[in-house]
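Working notes for the structure below.
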Amino acid sequence: VDAVAEVRDLERCIGDLTSLLALRTLLSEHSSAHVVGTLLDALFGMLRLEFAYARLSDGVADVPAEFLRVAPAPEGVVRPEGVGAVLAPACRAVTAPARMPNPVGEGEVAIVPIPLGIEEEAGILVTGSRREDFPTGIEMLLLRVAANQAAIWLCEARLLAERRRNEKALERRVAERTRELEAANEQLRLEIHERHRAEAHLVELKDELAADLSAVTRLHELGGRLLASSELQSLLDEVLHATIALQNADFGNVQLYDRQSRTLEIVAQRGFREDFLEYFGRVHEGRAGCGRALQRSERVVIEDVETDPGFEPHRSIAAAAGFRGVQSTPMFGRDGEPLGMLSTHFRRPHRPSDRELRLTDLYARHAAEMIERRRSEQALRQSAEQFRLLTEAIPHHVWGARADGVLAYCNQQWRDYSGLTLRQAQRQGWIAFLHPDDVDKATTAVREAEALGKSYEIEGRLRGASGGYRRFIVRAVPVCDGRGHITQWFGTNTDVEERRQAAEALRETQTELAHVARLTMMGELAASLAHELSQPLAAVVSNASACLRWLHHDPPNVDEARLVARRAIRDATRASAVIAHTRALVTKASVEKVLLDVTEVIHEVLLLVGREVLKHGAVVLTSLAADLPPVLGARVELQQALLNLIMNGLEAMANVSDRRRELAISAQRAEVHGSPAVLVAVQDAGVGVAREQLDRLFDTFYTTKPHGLGLGLSITRSIVTGHGGRLWATGNTGPGATFRFLLPAMTAPAT
Amino acid sequence: VSAGDALVFIVDDDATVREAIEGLLKSVGLRTRAFGTAREFLNHERPDEPACVVLDVRMPGPSGLDLQGELARTESPIPIIFITGHGDIPMSVHAMKAGAVEFLTKPFRDQQLLDAIQLAIDRDRVDRRQRRELEDLRTRYESLTRRERDVMARVVAGLLNKQIAGELHISEITVKVHRGRVMQKMAAASLADLVRMGGRLGTPTPSH
């Protein structure tokens, strides 16, 4: 068996040796790191190792100089440097196999340090295994062969690398030298070129500066003349003259742009005859040179009209006028809109130089500014005139005043009303126009406005030319400077005399109507009162009569007489109670507010409306809380408010036939913001109120009834509001509407 | 006031007024019966004796005027004296036209009411007698044969026996016999008496 195993081991060893030797051809072109790595991998594959470690000497290795292969270690990566440090003392002391603690795991290992190259010149290879028999003779052989092979490869690799480094260094030096020479060459060439260019530029610059100086001098002179001349015409003539001189042109013209007709119109020219002026009197966009410049919003230069295809239709007129070259420079306003065109013409085909054109642009801009200034002056004059017309046309007094209140301007309406001239008014001062009773109020308001720098509005009477006063609303706004100081006032006076009179008339009518409504109600009350009184009075009369008759019997029946006399007294008392309750409703004295029991007020009103309830075939249901807090109020007014609501409810049910005409009146304790209050509700089963009517219900003169005045609910509302309460209406879930009012109550009990 | 054994009904929703009127009528020896609503009064069985009703116009439920209309439609109408707390002219005209005896506005004088009650009871007495007489007359008329009624209608219309015989295609003798029987059955004292009875009964005019 051993023989067979040995043969197999030998066979494998020979195979491994062949592999190791074969590696050489594969690795000849690679780096030392790659060579060592491959070698360690091969050894690891051939022998059952715990680790394989190699360290390469300086000069042999690239980085890294230490290499390690380990069987998979349980904890983390093992670094070659760490293992190297553990192995180093062992390697120095031992040249043959030895045992030592495992540097990459547990237990002990047998290690075999083998130098790479003679005297370790290339480095050292150390392999370790936990096996007891490591290394066997075959393994030792393999390791030695592998170490020798590695030493040879490494030396070869080192030589090869060195040769390559030398070659590269030479190449680099040659290339560097070549670049240096080239750069020197280029520098020289640039310097020569630059010198030429600078010389040419200097010459050019000198010419240009001289020309620019004269052109700018001309422009400056032009500017002076333009400022001096107020006429647009002479201004344009000057610009044209200067441009012709600048460009050394033979003719020229200036056109202004008409925004409405969108055409250019010649307004200044030099050197043209009538036929040309007539032909080009008005030029539309796109026509000839100037039209084209207008269309493109940029300068157009036509060097020769004979060769320019676009100019073909106008060649005959150009020939007649005697020009071949033309340029048109547009003038623009600040808003970018075209203002006009500055054109020059030449007898020979010609193109003005860039410098000339640049200066022409300056002239054109200058001219444009002048045109705009003239135009805005004109517009200002017009707007001032329009403002004057406007203030004269306005049917109010319009005025301006200085900061100290002295009148600075006033319109015709003001002068007509006051009958004074501006001078006279200035002498009198504004307070003189005020009604003496309004002076205090007005001066206070004005002073306040002055102090705050705010506008003011006063209503007051102003004296007219006739000496009579009319009521005006005076409104004025201050104009302030940058520091917030008032510099002047602008104001209007609006005549409100008629409006006020109308308002007063309306108020009077309302009062009258309210009076009528009250009278109507009083009539109703009187009828109701008569009914309420007639019942007990009838009883009184009958009882008294019966009494007399019993007394006239023979013998007199005193017992019966006494009985009916008592009844008569009782009924008379009832009648006087009715009167006493009603008196409160009709006497003015009772308007003063006293502590009231709302329940009592409701009972009083129910007594009054008894007849109406009957007449309407209605039933009144009451639900009045017994513990209501007292309310501070005017009895009559609250009665009237309740009366209105009840009458309203009855009328709402007048046409109801399919259900009981029930009017539910309730009073209960409530709270408003923690204070006691009384909530009274009058609920009818009538036609109800449309949602959109709910808001308007309480408006004066708003009514949904064919014969209503529209006063009842508005009076009711004003009464409730006058008591610090709130009145509102809601639609019922069923038919009808509910009116509720909430009155603040007192905490003290009613007396 | 001598109302005899008459009865006065009082209908008024106001208890004190009811009480006062009852007291007044009692002092003059009138019997009364009072009700708070028209409905109660209508539902009450009225005894067969001369009576009148003192009626308040305005009451909850059916009003006095409503009650007047209802009473007029019954077999035995009763004279009405209206009392009201707030009568207006159109209302009183309406009530009087509908046959009211009087329309008094509260408060009224006692004598006014008592006079009106006297008048009403007298009227009721007459009405009652006339109603009774008419009833008798009707009973007698009912006892006539058909032929006798034909003859009576023509006699009352003033036709001569001969004409009657012609119209009815019977002999004059037969007419005379029927005529005698009619006079006897109707208890007519004379021809004039019979004619009057015919008028009260509203006998139909003879048809051809």
Side-chain angles (χ1 to χ4, degrees), chain A residues 523-554 556-575 577-578 607-608 610-620 660-662, chain B residues 1-3 8 10-30 32 34 36-38 54-66 81-91 102-117:
Chain A
E524 298 274 319
L525 284 181
S528 193
L529 182 62
H531 175 73
E532 287 304 321
L533 280 176
S534 66
Q535 295 290 99
L537 285 180
V540 169
V541 173
S542 295
N543 282 318
S545 308
C547 177
L548 280 179
R549 284 175 197 278
W550 288 121
L551 293 175
H552 282 143
H553 277 223
D554 191 21
N557 190 332
V558 180
D559 287 344
E560 285 289 347
R562 189 180 292 123
L563 176 74
V564 292
R566 281 211 186 99
R567 285 179 185 168
I569 291 165
R570 181 200 61 193
D571 296 339
T573 310
R574 184 180 138 202
V578 170
L607 203 61
L608 288 170
R611 191 181 79 99
E612 286 297 328
V613 173
L614 226 49
K615 192 165 105 187
H616 282 86
V619 187
V620 172
R660 259 157 69 92
R661 298 174 185 175
E662 269 183 11
Chain B
V1 177
S2 58
V8 180
I10 301 160
V11 185
D12 193 316
D13 61 318
D14 191 317
T16 58
V17 174
R18 275 204 310 272
E19 199 180 59
I21 294 174
E22 280 194 280
L24 175 65
L25 300 191
K26 187 180 171 193
S27 72
V28 295
L30 278 169
T32 58
T37 65
V54 177
L55 188 54
D56 190 15
V57 175
R58 193 136 358 225
M59 287 180 294
S63 73
L65 294 174
D66 294 338
I81 298 149
F82 278 111
I83 53 172
T84 176
H86 49 88
D88 53 28
I89 290 171
M91 195 194 290
E102 185 60 276
F103 193 94
L104 297 174
T105 303
K106 294 177 196 172
F108 39 79
R109 285 177 44 233
D110 59 337
Q111 200 54 54
Q112 270 181 308
L113 179 66
L114 295 175
D115 288 351
I117 286 173

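Lettering of chains follows the sequences in order, A, B, ..., and the numbering in each one begins at 1. Keep in mind that this is a model prediction, so the values were computed, not measured.
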State, to 0.1 Å, how close His616(A) and Arg661(A) come at their nearest heavy-atom pair, and which atoms those are.
O-NH1, 2.7 Å
Going from CG on Leu548(A) to CG on Asp110(B), what distance comes out if it is rounded to the nearest 0.5 angstrom?
8.0 Å
When the 4.5 angstrom heavy-atom criterion is applied to Gln535(A) and chain B, the contacting part is both
Closest non-hydrogen atoms of His553(A) and Ser27(B), given as atom of the first, atom of the second and distance, are NE2-O, 2.7 Å
Highest number of heavy-atom pairs under 4.5 Å with chain A among Thr16(B), Leu104(B), Asp12(B) belongs to Thr16(B)
Heavy-atom cut-off 4.5 Å, strictly under: side chain, backbone, both or neither for His552(A) against chain B?
neither
Chain A: which of Ala20(B), Ser63(B), Gly23(B) shares the most heavy-atom pairs with it under 4.5 Å?
Ala20(B)
Given heavy-atom pairs under 4.5 angstrom as the criterion, report whether the side chain, backbone, both or neither of Leu614(A) touches chain B.
side chain
Ion pair present between Asp14(B) and Lys106(B), side-chain N to carboxylate O less than 4.0 angstrom?
no
Counting only heavy atoms closer than 4.5 Å, note whether Glu22(B) contacts chain A via side chain, backbone, both or neither.
neither
Atom CG in Leu25(B), atom CZ in Arg549(A): separation rounded to 0.5 Å?
9.5 Å
Using a strict threshold of under 4.0 Å (side-chain N to carboxylate O), is an ion pair present between Asp559(A) and Arg562(A)?
yes
With a 4.5 angstrom heavy-atom cut-off, which part of Asn543(A) approaches chain B: side chain, backbone, both or neither?
both
